[in-house]
Amino acid sequence: MQSIYHPASIEQQAQQHWNDSGAFAATENSDKPKYYCLSMFPYPSGKLHMGHVRNYTIGDVLSRYHRMKGYNVMQPMGWDAFGLPAENAAQAHNVPPAAWTYDNINYMRRQLQSLGLGIDWAREVTTCTPAYYRWEQWLFTRLFEKGIIYKKTSSVNWDPVDHTVLANEQVIDGRGWRSGALVEKRDIPMYFFRITQYADELLQDLDALGGWPEQVKTMQANWIGKSFGVRFAFEYSIEGGTESLSPESGRELGERGVADSLSSSPSPASVGGEKKLLWVYTTRADTIMGVTFVAVAAEHPLATYAAQSRPELAAFIEDCKHGGTAEADMATMEKKGMDTGLKVTHPLTGEQVPVWVGNYVLMGYGEGAVMAVPAHDERDFGFAKKYNLPIKQSIAAKDQSFSDAAWQEWYGTKDGVCVNSGKYDNLDYDQAVDAIAADLAALGLGEKKVQFRLRDWGISRQRYWGCPIPIIHCAQCGDVPVPDDQLPVILPEDVVPDGAGSPLAKMPEFYETTCPKCGAAARRETDTMDTFVESSWYYARYTSPDCTTGLVDERANYWLPVDQYIGGIEHAILHLLYARFFQKLMRDVGVFGEGTEHLAEPFKNLITQGMVIAPTFYRLEANGKKLWINPAEVDASCDERGRPVGATLRADGLPVIIGGTEKMSKSKNNGVDPQAIIDEFGADTARLFMMFAAPPEQSLEWSDAGVEGSFRFLKRVWKATHDHVEQGVVAAYSSGEPENVWPGTRLSAAARAMRRQLHQTIQKVDDDIGRRKTFNTAIAANMELLNALGKFDDPTPMGRAVVQETLEAVALMLNPIVPHACQALWSGLRPGSDMLDQAFPKADPLALVQDEIELMIQINGKLRGSLTVAKTTDKATLEQMALAHEAVVKQLAGAQPKKIIVVPGRLINIVA
RNA sequence: GCGAAAGUGGCGGAAUUGGUAGACGCACUGGAUUUAGGUUCCAGCGCCUCGCGGCGUGAGAGUUCGAGUCUCUCCUUUCGCACCA
């Protein structure tokens, strides 16, 4: 062994050895249980950042640990290669997105390989290649034929200057990021996945996901948002037919469209009657007697109708179109409204209720109209106060009379009873909803209804760098899916987008085609798919990356579901929900073959790693655009709490503006490149420090203070092993009783203590990595063990055997985390033996035996002393010993204790 | 605004089931070796106090013999909010 730890040569040799031996090539013919370990694949943004290192190291630790535990492990890697940043880079540098993306992939692959990840690179998947997206298009056509994909109009952010659709991220304070123009909402036709059809299954199957964090399941359940409420109608009469007032937005288009029950299905009462109906949905039907107005969305047909005769209302509705479509913006903007002048009839009281247009009512939700109960809803209350609308209490605590302050306590609670509600008085929530729904149903004006918050998933993007939607528009035949023998629809790769609309829509050579059905001239769809579609099924493709006959082949049945999935908590809802949805879609289309109903969920166990966050810095350019500056280029001064208070750009010494502390990302340019650490200290130090810094699920503000501490630890392990090996390796103990190895000998007390700590550590590390996934404490336990070994000085053969046993165990325990160093350490400790073949160490129960324990003594819960006693001491003796303890005698000063609490193995608390 | 989390020394964090708060590491201080610096090793290191002792896990209340851990209210930070991925 070399006397000095030289990571560069050690890591190069280890990686060479792993490559040459094909150690991480995964095969399906194994008698071991399979373990499919998957980390979320990266977007090839240019360079790795610390979040990637964290994600992929966690995956590699678990992969290598399970390999040592006797599993047939598969750990693949690939590239989520379509996306917006490539188009931005293309415009900035005048290179096609494809070339930029492939360059980034090549660079980042080398970076990943230098981290020494045990990946089967033969399974690499790149989503922007036709070999991959061909099967996405194939699945699209199947789902289109099944009616799972349909077309309807939907709102997008429209930049009126650049004449292009903007992503939410490209809308800053209601303006387009390039043009600075006020963004408008615009309705365009789009393709949708009918994910709402799977809402109940997606909700129910969460219960079966025992290996998922509760918080993620809660977030998904809330997102799906199953609610039990009442859909009912207010009657009104105006000039003109009902037909002209049916909502345009949200209605399905085309011959395939099944009328959406949420938006336009006529209720029996609305057919043939002279009265028209304004439908609303509420989960608080118990407050129906407190309704004082109705609010409709700006796009609601009733608003459009009223605006015909009211120019100021038309102007208000126009004003509502400004701003983006993001829900957070809608929810935080100032609530504004305007009276339509129209009145509707309350179905139960017969009162005339005014109809207002509210900018906070969303056309895409429910009915696009809501009943307003200012007394029991905070938002309605604010609106009523602002516009001086009446407030009518209808809920109170039982027997409580009306008081001004009282109703505000009842925002959102279902614990009251009805008041001021006529025949419903004194009914509780459930009783009131039942009674009111029954009365509405008898009138033909309403019914109980289950509603989901989840909306169908719109996937059309008016962008270039994405998977083409395989549809051909024929004047005769309508929307025709591209037949299998014409797939894939290839995306041309040499295009540089100009930021004004979709390049594909300007390329006749792309969109001019003929109808597969009738042969007439037809136009190819030029929208591409949401990039979430690619990332919704890649985990399945890794099982059969080279399959040319289908999306996957029978190997999917062997590997799926993924045993361990690891990725950022930011994906807790959208990506994970879409992947779960796709698993069910693929199952129902028959992708996995016969008898695969059990493959309902893609990911058995999930770790959601916390974000690696860093401060952001920027400068405002002349046009108001923010130019984000990387923290590495900034000198920042911090206050006593470590927050940056002043910052200058190192290049020119002039100040920069401090933004928030946010997750590392391309868009905010606050990612920290791990390459400098790898270059200076090696991959093992980078991996070790990242795992030691915090447990995986915790968010982590990046700081490289302490990297040297991790390097120092590896040097100490190396030196301890080297010094031992130089004296000659020896046989290690394999049983707690040394007599079993060398009859007639006994270990010294110190050697027994050393072995006890060793085997306690093995037990803890096994549990920390395998069950708790707290790699930081596993590392700390090894540090403690090495500290103890440093103090253990026993040059006898028995002592040296204990040292050998300890060093071997340390190398084995650390191997999943710092595999290059451990590969070399093992060669030193066991010449001729390969770390790749080693099992994880097992704790020896005999070595763990301990007969004396330390008990804490408390008086009134305060620590006053301790006792070292035999493990078998009974309770009465313990109480006597405690009362005789010096500190206790002093504190009690002769008084009798009221009570003595003995917690076996832990403490004795004397209550005085 | 809504949903989900987090908050512990100067810093990252530990305390796994309500039972020794601060493991392990960084930084810092003192010492030894070497000395150009560094490396390595030893010791110290929550706050107040000469000490006895007291205080201490974002703030405030509560439950308990006992609370970092459980309950409630509030504050701050992070993630998500459907076209960033």
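Just the heavy atoms: all of them, side chains too, but no hydrogens, waters or symmetry mates, feed the values below. We name chains A, B, ... by the order of the sequence lines, and we start the count at 1 in each one. What you are looking at is a predicted structure, and each value in this text was computed from that prediction instead of being measured.
Side-chain N/O atoms of A:Asn222 include one lying less than 4.0 angstrom from OP1 or OP2 on B:rA4. The side chain of A:Arg712 contributes an N or O atom lying less than 4.0 Å from OP1 or OP2 of B:rC26.
A:Trp718 and A:Ser3 get closest at one heavy-atom pair: CD1-O, 3.8 Å. The two residues A:Glu534 and A:Tyr132 have their closest heavy-atom pair at O-OH, 2.7 Å.
Taking the C1' atom of each, B:rC45 and B:rG30 are spaced 11 Å apart, rounded to whole Å. When the P atom is used for both B:rA61 and B:rG56, the distance is 11 Å, rounded to whole Å.
Here the P atom of nucleotide B:rU77 and the CD atom of A:Glu701 are 13 Å apart, to the nearest Å. The interatomic distance linking A:Gln220 (CD) with B:rA4 (C1') rounds to 12 Å, in whole Å.
The nucleotide B:rU40 finds its pairing partner in B:rA32, both defining distances of the Watson-Crick or G-U wobble pair being shorter than 3.5 Å. Judged by Watson-Crick or G-U wobble contacts below 3.5 Å, the nucleotide B:rA4 has B:rU78 as its partner.
Considering only side-chain atoms of A:His571, the nucleotide from B:rA14, B:rA85, B:rC79 that sits closest is B:rA85. Taking every side-chain heavy atom of A:Gln698 into account, B:rA14 is the closest of B:rG1, B:rA82, B:rA14. Considering only the side chain of A:Ser699, B:rU78 comes nearest among B:rA82, B:rU78, B:rG3. Closest to the side chain of A:Leu84, from the set B:rU78, B:rC84, B:rU40, is B:rC84. Among the nucleotides B:rG25, B:rA82, B:rG80, the one closest to the side chain of A:Ile573 is B:rG80. Listed nucleotides B:rC26, B:rU20, B:rA82 differ in distance to A:Leu863; the shortest reach to its side chain belongs to B:rU20. Picking from B:rC26, B:rG12, B:rG53 the nucleotide with the shortest atom distance to the side chain of A:Leu700 gives B:rG12.
Using a 4.0 Å heavy-atom distance criterion, A:Ser45 is classed as making no nucleic acid contact.
The residue among A:Glu214 and A:Ala326 whose nearest nucleotide of RNA chain B lies closer to the 5′ end is A:Glu214. Residue order along RNA chain B, read from the 5' end via each residue's closest nucleotide, puts A:Lys719 first among A:Lys791 and A:Lys719.
Using the six-membered ring where Trp is involved, A:His571 and A:His575 have ring planes that are perpendicular, over 60° apart on the 30 and 60° scheme.
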